[in-house]
Structure formats: structure tokens, C-alpha cells
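Structure first, then comments.
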Amino acid sequence: MTTDDGLVTWPEDLAYAYRTAECWRGRPLGDYLWEWADRWGEQVAVVDGDRRLTYRELAELADGLAEHLSENGLRRGHRVLLQLPNCWEFVVVTLACFRLGVAPVMMLPQHREHELSAIAAHVGVRALIVPDRWRDYDHQALAYRVAAGLPGPTPVFVFGEGTRAPGRDGRDLLRADGDVEARRRRLDALAPAGDDVALFLLSGGTTAVPKVIARTHNDYEYNIRRCADVCRFGRDTVYLAVLPIGHNFPLANPGVLGTLYSGGRVVLLPSPRPGPAFAAVETERVTTTSLVPAVAITWTVAATDCGRDLSSLQQVHVGGAMFAPELAAALGPALGCEVQQVYGMAEGLVCYTPVGAPPEVAHRTQGRPLSPFDELLVVEPGTERPVAAGTIGELLTRGPYTPRGYYRAPEQNALSYTAAGWYRTGDLVRLTDGGDVVVCGRIKELINRAGEKISAGEIEMLAQELPEIAEAAAVAMPDPAVGERLCLFVQLHPGRGLTLRRLAAALTARGLAAFKVPERLVVLDELPHTPVGKPDKKALRLTLMPGVDR
Ligand code: OOB
């Protein structure tokens, strides 16, 4: 069923079943904040450089901020765009939003005007929350430009050193003075329901238009609880967050929220560079982290003779893109810990190889679903016809933490979800006899660059708006370091010229995030086409294979 607002809900009979089975507890995520503080109050919850927050401080700061946001007009059902890097403020803001029932839309710090404006308009956000600067980029100015293009007045809250906006300076909002208990009660009274949207995640995306996934408090809490359980998180867990925590994987699989849920300690770093990461492992006695394969490869190499004591590491989770079995086998010995592979998606389903799995499972499969209520169906690509057991096909899935459709996207939903509510992952998989998923490829048109997904359609549409380009096709080009890079094949208008540099400059000027800018440009007299008239990407991809004549 779709609400008037464009939210696709689970069918009532299934919702009833998920509640009865206690997958869904009907408790908003903000509710847990004080439960944690009451249980583990003086324990350190979050470490960011010199800043160490206890569970109690976290709860008090989040409540203080929630009240400020509420005084600024934000309330249950509203949405805000959240673009902060990995920092303690991110955690406080997210929890403050959960407390109020305001849903943050999880953007990446790398996103620029193109992404921010489209998503902000699509979701209808009431405020923007940004750092003042990050990696030499003025996010405050960016946010004001985005806000100016939105229909209503949209306040910008800025966290950082050089903020300007009076009353909206993040430093003023991160204070927990006054009567903590009274505030706690006031906020308890404003709490959202379990079925409310807790947050919006961005889809890895294959389309030109943005797609966002609304995750409810019920479904997300279940996902966090199951992930923490499957990965055996507990009070001894010290989780190092090195991937951008706006992503589902480091945020909640089990990631930052799974660690807090378990009474562990979260250590935040702004990047996965091995030097600072290994130093943090040593000083904070980190037990676990999550990596994408591209980072896992650099860590495997860098760990040898790194001069750091990595002995506290017990497990690392690797997922987000294809991970070759030989590389999976090499990572554990290099770091001296166990590797758990993760196959997941912002759309819901998450699979893990179990703790203690034998090598043929741990290295060669991407694991099994989190929940006994997850349903997996492997079909002939693009159909709903199941393939023979053990053969490769497209994976469809349904379950208690896999929403039934994208938010406000009925046309896309007709393509990405079947009438019976299955999500078409676009991934090619096979299931082993033991029930483990092996990811074998994909049919969806995206470029998976070090785990960051780039939609081919989005880049093609932008490129075709440039005056030089008649037709464009974005294709994944295999790469040993980052897995895939974006290669753009183009046909130019007669008499026009284009270089990669000019293309990159033009797309950047349109506000495209840097990681999505093509890294290779191939100009052809004419693109090859399939019989239905679409660019023949299979043929184009072949020309990129080593040893094939160009
Ligand atoms: C994770 O989430 P997204 O939404 O950025 O991307 C999902 C897509 C999947 O459909 C698949 O194409 C690919 O990323 N993927 C993998 C993979 N894990 C994800 N492909 C091959 N092997 C794997 N292990 O990437 C994500 C979300 C939660 C946990 C882990 C990853």
C-alpha cells in the first residue's frame, strides 16, 4: 500500500506477522538512547579525536539538540538533509532526530549541489545540517545555495569552527544545560511511532532521478538488533568507523548504531587510510571494523610491518562490492583476525558469513540473510520465473527490514518491485546447498567504484545536457585498485571536440560529486546500439577488456 505522501508500506497481514514475531517492537529508535544511558551511563560511547562522549553525555547532548531543533520548528514527520563527515556531531544529530521523529536524509560529504538539491526537493526537507568546511570545501556556502533553491524557508544548521548563522551555529546547539530530567520527559511525550520513518538512505541507484529509501524505526531497529547479534557485538566491542557513516553498512550493519545498541565503543575516523586507522586500532584497542574490498586490499598490503599492534582486532566485515576469494583469504592472516563477508543494500536485505564459518563459506560466499523472515528468490533476470536450484539468476528479496518500494517513486517502483512486493536487487547470484549467497555479477546499470555506487543513467543524462555530446553511455571499467571506474563513451555533435579534462570540469561545474566524474572518455564516431536502439553496453564493455583491440 502507498500512503498519500508516497510511502510504500508492508501489507497488513505481514506487518501483523512481523509484530507478533517481535521483529517489530513498536519502539522508536530514540527510545533506546536513555535505555543505553541508564545501563552504561559512564562508559565511553563515542571517540572522535580528543573528544570522548559517555553514554550519558550522548543522551544529554542529543536531547539538548532535539529541543533546540524543536524550538526551531522541526517536529515529528519533518525531514532534514544531513551532510556531516564521520564526527561525534553526526552521532548526536542522528540520535536527536530519532528522538524527535525528524527523519535525516543521509547524504555523503562528497555530495555537491547536483545531488543535494535533487534529494532535498524530492524528499521535501525542512532544514539542512552541514559542516562549515570539510576537506577544503565550503559546505556552508553550498548549503545556503541549495536552501535558496528550495520552495519554503529552509534553515541551515552548521557544525564547525567558523560558523556564521546566529542561533543556528551548531556549537550553540550542542549544549545540555538546564533540567535534563524535565527535558527527557518533554521529549518522551513527542516521540514518534514505530511505523514512522526513522531515516532516509540513498539508493545505490541506477536511474537518472534520485531514489531514496524510507526506513522505519521498526524495520531499522530490527536490522540493527539482528546485525549486532549475528556479529556477536557486546560491551567489549570497539568499532572503528572508517567508511562514511551515512552509508547503511557502517551506520547500522552493525556499525555505529549496532555498537551503541550493544554497549560498546565507537571510534570515528574521517577516512580509511591505513596509517591513522592502524594507529587508532592500537591506541583504542579496536576489535572490529567494516571495509569495502578496495580498502581491504590496501589494508592487507599496509598491515605487513606496519609497526602497530593490531592484536586487538577480532573481526572485520567486508562488503559493498565483489571480493575475490583469494583476497578474502589473505585479509584475515594479514590483520590477524577473522573476516566476515557482508552482502547488503540500503534497500534492506543484509547477509553475513557466520562467525567461525569454514574457509569455503567465509572466503567464497557472501553469507546468509540476517533474519529467518527474509525471503530470497533467484529468477531468470527480469522475470519472476525461478531458476533451477544452484544456478545463477537475479536475486529478488522481501522481508521485515526490506521496504516495499522507494519513496515517492511509483514509476521506478513498477520496475524495481514486483506486484507481490519482491525487490529486484539487479544482482546476479547463486545459492549454495548450504543456503549461502554467492554474488556472481549484476544486471543493473551502475558503476561500483570502491563500494560507492554511481548510476549510469544519472551521468548519461547530465553528459547529454552538455552542448558537445550527442549521445553518451556510462560503462564500468575494471580496475585493480577500486574495482571499477567510470568510462564514458560518447558521440559528439558534428564539429565539436571534447577532452576528459573539459568533460570533468563541465560536470563538476554542474555540481556533480567528484567520485562520480568519469575517469576515462572514449569518443566514437557512433555508439553501437542494441536492436531496441539503446547503446550496446555489452559491446562497449568488451572493448575495455584487456587484450581486446580498440
Ligand atoms: C551496500 O549497500 P548499497 O546500497 O551501497 O549497494 C548495494 C549493492 C548491492 O545490490 C550489490 O550490487 C553491491 O552493492 N554489493 C555487493 C556486496 N555488497 C553489496 N556486491 C558484491 N559483493 C558484496 N558483498 O553496498 C551495503 C549495505 C549494507 C551492508 C553491506 C553493503
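As the structure lists them, so they are numbered: ligands from 1, and atoms in each ligand from 1.
Within the 4.0 Å heavy-atom cutoff, H317 does not count among the residues contacting ligand 1. Heavy-atom distances between R442 and ligand 1 stay at or above 4.0 Å for every pair. Using a 4.0 Å cutoff on heavy atoms, Q341 does not count as a contact of ligand 1.
The protein heavy-atom contact nearest to atom 18 (N) of ligand 1 is G320 N, 3.0 Å. Counting only heavy atoms of the protein, atom 28 (C) of ligand 1 lies nearest to N253 OD1, 3.0 Å. Protein heavy atom in closest approach to atom 9 (C) of ligand 1: D427 OD2, 3.2 Å. When hydrogens are left out, the protein atom nearest atom 7 (C) of ligand 1 is G344 O, 3.3 Å; that is the closest non-hydrogen contact.
A salt bridge links E380 to R385: one of the charged nitrogens lies within less than 4.0 Å of a carboxylate oxygen.
When each of Y18, Y220, Y222 is paired with W24, the ring pair (Phe, Tyr, Trp, His ring centres under 6.0 Å) condition holds for Y18 and for no other.
Residues Y406 and Y417 bring their aromatic ring centres within 6.0 Å. Between F233 and Y261, the ring center distance fails the sub-6.0 Å criterion.
Looking at K453 next to ligand 1, an N or O pair under 3.5 Å apart turns up. Ligand 1 has a nitrogen or oxygen under 3.5 angstrom from a nitrogen or oxygen of V342.
For the residues G255, G367, A346, G451, the heavy atom positioned nearest atom 4 (O) of ligand 1 is part of A346.
Residue K444 touches ligand 1 through its side chain alone, judged by heavy-atom distances below 4.0 Å. Contacts with ligand 1 closer than 4.0 Å are made by backbone heavy atoms (N, CA, C, O) of A321 only, the side chain lying farther away. Residue contacts with ligand 1, taken as heavy atom pairs separated by less than 4.0 Å, involve M345 via backbone and side-chain atoms alike.
Qualifying side-chain hydrogen bond (donor to acceptor under 3.5 Å, both in side chains) partners for E460, counting only residues two or more places apart in sequence or in other chains: K537.
One side chain, S203 or E347, offers a donor N or O that lies under 3.5 Å from an acceptor on the other.
Sequence neighbours left out, the pairs with a member in residues 348-370 that pass salt bridge (charged side-chain N to carboxylate O under 4.0 Å, His left out) are R368-D436.
The number of heavy-atom neighbours closer than 6.0 Å to CG of D236, taken from other residues, nucleotides and ligands shown, is 12 or below.
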